[in-house]
Amino acid sequence: MKKAIKGTYGYLKTKRGQVILRTIIFFALPLGLFTAGILATHTRRNLFTVVAVLGCLPACKSLVNTIMYLRASGCSQKAREAVLAAEGRLVGMYDMYFTSYQKNFALSHMVVENRVILGFTEDGTCDSAACAAHIKSVLSQVGFSDVAVTVTDQLDKYCNQLKLLNEKVAGGNPAKDDEIRIVLYEISL
């Protein structure tokens with residue numbers, strides 16, 4: 001099975017398949033134990049039933065993950081081609097899905113360069129301003145308070161922003177940019 005690596009194109013699609021398969025297996029095991037217990041003792045009141053019920057706990061947790069991955073959509077091929085042309089030397093992160101207490105935010109592509117974060121969403125229901133505020137809030141909680149975050153749903157505008165960011169002289173601290181990327185990977189689905 002293909003390995004799913006956060007930030008790569010197709011991550012959500014690959015991870016979705018893995019999580020669905022895992023959930024099916026996690027539910028099949030308790031069902032098999034429960035059935036074996038009934039066949040062996042001819043009653044539900046046995047130790048197999050207790051183990052089967054406890055086995056449903058990780059299965060239900062996996063089901064919640066499955067629902068989240070089914071709701072998340074990744075970057076389209078059209079957007080990927082347009083972004084690749086404008087990305088240049090920047091390190092791109094694809095298929096980022098952030099969750100907050102109020103809303104969920106699906107970003108198709110993001111870049112971090114010299115404490116500037118640019119994001120692009122193809123999701124029409126994604127509130128760009130709320131997404132930027134959420135990311136800025138989380139980053140400030142872990143010590144990155146001077147980060148500028150911009151999220152847009154217009155592909156042409158985003159590609160122009162990438163080109164402008166590419167034209168700037170590479171400066172800043174690449175290690176800090178990597179730390180910010182790590183935080184973004186950790187808080188995304």
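For reference, positions follow the sequence shown, starting with 1. Because the structure is predicted, anything quoted here is derived from the model rather than measured.
Taking hydrophobic clusters as Ile, Leu, Val, Met, Phe, Trp and Tyr residues chained together by side-chain heavy-atom distances below 4.5 Å, Leu118 shares a cluster with Val83. Leu139 and Val111 fall into different hydrophobic clusters, where Ile, Leu, Val, Met, Phe, Trp and Tyr side chains are chained together by heavy-atom contacts under 4.5 Å. Residues Ile117 and Leu90 fall into different hydrophobic clusters, defined by Ile, Leu, Val, Met, Phe, Trp and Tyr side chains chained together at heavy-atom separations under 4.5 Å. Linking ILVMFWY residues whenever their side-chain heavy atoms come closer than 4.5 Å, directly or via other members, places Leu162 and Tyr9 in the same cluster. At a threshold of 4.5 Å between side-chain heavy atoms, the hydrophobic network of Ile, Leu, Val, Met, Phe, Trp and Tyr places Val142 and Met93 in one connected group.
Here Leu12 contributes atom CG and Lys6 contributes atom NZ; the two are 9.5 Å apart, rounded to the nearest 0.5 Å. Taken from CD1 in Ile20 to CD1 in Ile67, the straight-line distance is 11.0 Å, to the nearest 0.5 Å. In this structure, the separation between CE on Met96 and SG on Cys131 is 10.0 Å, given to the nearest 0.5 Å. Taken from CG in Leu84 to CZ in Arg80, the straight-line distance is 5.5 Å, to the nearest 0.5 Å. Here the CZ atom belonging to Arg44 is positioned 10.5 Å from the CG atom belonging to Asn46, to the nearest 0.5 angstrom. Atoms CD1 and OG, on Ile135 and Ser140 in that order, are 12.0 Å from each other to the nearest 0.5 Å.
Nearest heavy atoms, Tyr97 versus Ala72: CD1-CB, 3.6 Å. Here the closest non-hydrogen pair linking Cys75 and Glu122 is CA-OE1, 3.4 Å. Across every non-hydrogen atom of Cys159 and Ala82, the tightest pair is SG-O, 3.6 Å. Here the shortest heavy-atom pairing between Ala106 and Thr121 reads O-OG1, 2.6 Å.
For residues 104-141, the ring pair (Phe, Tyr, Trp, His ring centres under 6.0 Å) pairs, not counting sequence neighbours, are Tyr94-His109, Phe105-His134, His109-Tyr158, Phe120-Tyr158. Residue pairs meeting the ring pair (Phe, Tyr, Trp, His ring centres under 6.0 Å) criterion with at least one partner in residues 37-68, sequence neighbours excluded, do not occur; the list is empty.
Using a distance-only test at 3.5 Å, with no hydrogens or angles considered, no donor-acceptor pair links the side chain of Asn104 to the main chain of Thr99. Arg181 contributes a side-chain N or O that, together with a main-chain N or O of Val112, makes up a donor-acceptor pair within less than 3.5 Å. The main-chain N or O of Leu165 is never found under 3.5 Å from a side-chain atom of Glu113 such that the two would form a donor-acceptor pair.
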Please tabulate, one pair per line, all N/O donor-acceptor pairs under 3.5 Å involving side-chain atoms of residues 182-189, not counting sequence neighbours.
unit_1: Ser188; atom_1: OG; unit_2: Leu184; atom_2: O; d: 3.3
unit_1: Ser188; atom_1: OG; unit_2: Tyr185; atom_2: O; d: 3.1

Would you give me the side-chain donor-acceptor pairs under 3.5 Å for residues 23-38, sequence neighbours excluded?
unit_1: Thr23; atom_1: OG1; unit_2: Val19; atom_2: O; d: 2.8
unit_1: Thr23; atom_1: OG1; unit_2: Ser62; atom_2: O; d: 3.2
unit_1: Thr23; atom_1: OG1; unit_2: Ser62; atom_2: OG; d: 2.6
unit_1: Thr23; atom_1: OG1; unit_2: Thr66; atom_2: OG1; d: 2.7
unit_1: Thr35; atom_1: OG1; unit_2: Leu31; atom_2: O; d: 2.8

Side-chain polar contacts of residues 145-155 - donor-acceptor pairs under 3.5 angstrom, sequence neighbours left out - could you list them?
unit_1: Asp146; atom_1: OD1; unit_2: Arg115; atom_2: NH1; d: 2.7
unit_1: Thr152; atom_1: OG1; unit_2: Gln154; atom_2: N; d: 3.2

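The salt bridge (charged side-chain N to carboxylate O under 4.0 Å, His left out) search around Arg16 returns none, not counting sequence neighbours.
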